[in-house]
Amino acid sequence: MNYRTIDDLGSLQGKVVMLRADLNVPMNENFEVTNNARIVRTVPTIKELMSKGAKVVVVSHFGRPEGKGDMKNSLQHIVADLQKALGKNVVFVDDCIGEKVSAAVAKMSNDEVLLLENLRFYDEEKKGNETFAKELVKPADVYVSDAFSTAHRAHASMVAAVKERPAAMGRLMEEEVKALEGALSNPTRPLIAIVGGSKVSTKLDLLNNLVKKVDKLVISGGMAHTFMKASGIDTVNEANSLVQMDMIDTAKEIIKVAEANNCEIILPQDVVVSKEFKPNAEHKTVGLDEIPAEGWSLLDVGEKTISAINAKLDECKTLVWNGPLGVFEMKPFDNATNKVAQHAAEMTSAGKLMSVAGGGDTVSALENAGVAKKFTYISTAGGAFLEWMEGKELPGVAVLKK
Ligand code: AMP
């Protein structure tokens, strides 16, 4: 690893370690955590730091607060869940800087954790303000950054604070970075990418980066329609698909760059068309020359395409996946996503494939396919995962370079 990890920090005995976690969990109107995955995934880093003799002070953002005192977005609502997941007492301080924090740190015991109030109660956090970062780290000897999902933002706690103290990434960020480096920076080849989802326009940076890096690129979902049209499939039109006519030239350009880089593009060979946009609507699988001009919508790819994608997967050693192959939220239009995901999961279990997926709806699509746990790595980082796939340097990761 080219990045500093907890192993590079030396002895933590008796030190105050500030941990920048991502505790931005979903919550219902009764302030109950509805999915505690982010809390659970932060626990190993906290436990490890505590086992090394550190006093751990946790900081995080939470929701989209409108300034200080927006109690709806207070981190106090997650104290009970963190305490339960950790099995330790969690002391909450209703500020993240200032006297109250210093006093609480001075008083804390080795067997408890301090959780500070939402970083985004201060505008300075999002602005990456250095003075705020200096204030934040005041009570800490060491800083550990574990919020990979925020690493694409140069916020004060992600960059400026890291520069103020001996710093390292936590185990969660380390795991994410290792998986993403293994998938895109130093992959075992052949490397295949599957990109699905709705529109080409939202994935241009992603596609432009991938065609230069991967050996094979599967384009599916609604965004494939523009590429099909650009490849001369004239049965695809605005009445039956998500084709973006203003993106045809861009799609042609991406195809050209792919050719120049020996990247094979795999497009749908048959499609599932549906009478209506609703679950279990009347539907049929048709060849590309049989797509009805109107009255039917392209909602998934067919069995011939599924077999073709799976055959390409068989030739590959590494897979990166973003975006569903069809409208996976409605049965049976989740069929292609499910079958390809299941094939990738089987290959992964057999040790033949390293599979990394993430971004937007991909996690729910793979959960729906019942294979999320069988992939090598599923990133829940969303925006940060996508920016990594787009080839962008993430400021919150770059700052931790050795
Ligand atoms: P994205 O956030 O761009 O990855 O897009 C995910 C969305 O793309 C999901 O909500 C899918 O339902 C949608 N999608 C995938 N394939 C199609 C399709 N053929 N037509 C319309 N929407 C699609």
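Along the sequence shown, residues are numbered consecutively beginning with 1. One-based numbering, in listed order, for ligands and for the atoms of each. Since we're looking at a predicted model, the values are computed, not measured.
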Salt-bridge contact [X]-[Y] (side-chain N to carboxylate O under 4.0 Å):
X	Y	result
Glu393	Lys401	yes
Glu175	Arg171	no
Glu264	Lys312	yes
Glu315	Lys216	yes
Lys229	Asp234	yes
Glu125	Arg20	yes
Lys68	Asp95	yes

- Any Met330 heavy atom less than 4.0 Å from ligand 1: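 Outside the 4.0 Å threshold, so no.
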Less than 3.5 Å between some nitrogen or oxygen of [X] and one of ligand 1, yes or no?
X	result
Lys203	yes
Pro324	no
Ser198	yes
Leu325	no

Protein heavy atom at shortest distance from [atom]:
atom	answer
atom 23 (C) of ligand 1	Val327 CG2, 3.5 Å
atom 11 (C) of ligand 1	Glu329 OE1, 3.6 Å
atom 21 (C) of ligand 1	Leu242 CD1, 3.4 Å
atom 7 (C) of ligand 1	Asp361 OD2, 3.8 Å
atom 19 (N) of ligand 1	Leu298 O, 3.0 Å

Atoms of ligand 1, numbered as shown, that sit under 4.0 Å from any heavy atom of [X]:
X	value
Gly222	15 (C), 16 (N), 17 (C), 18 (C), 19 (N)
Gly326	11 (C), 14 (N), 15 (C), 16 (N)
Leu299	19 (N)
His225	19 (N)

- Are side-chain heavy atoms of Ile254 and Leu204 found at a separation under 4.5 Å?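 Answer yes - side chains close enough.
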- Within a strict 4.5 Å, meaning less than it, do heavy atoms of the Val273 and His283 side chains meet?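 No, every pair of side-chain atoms sits at 4.5 Å or beyond.
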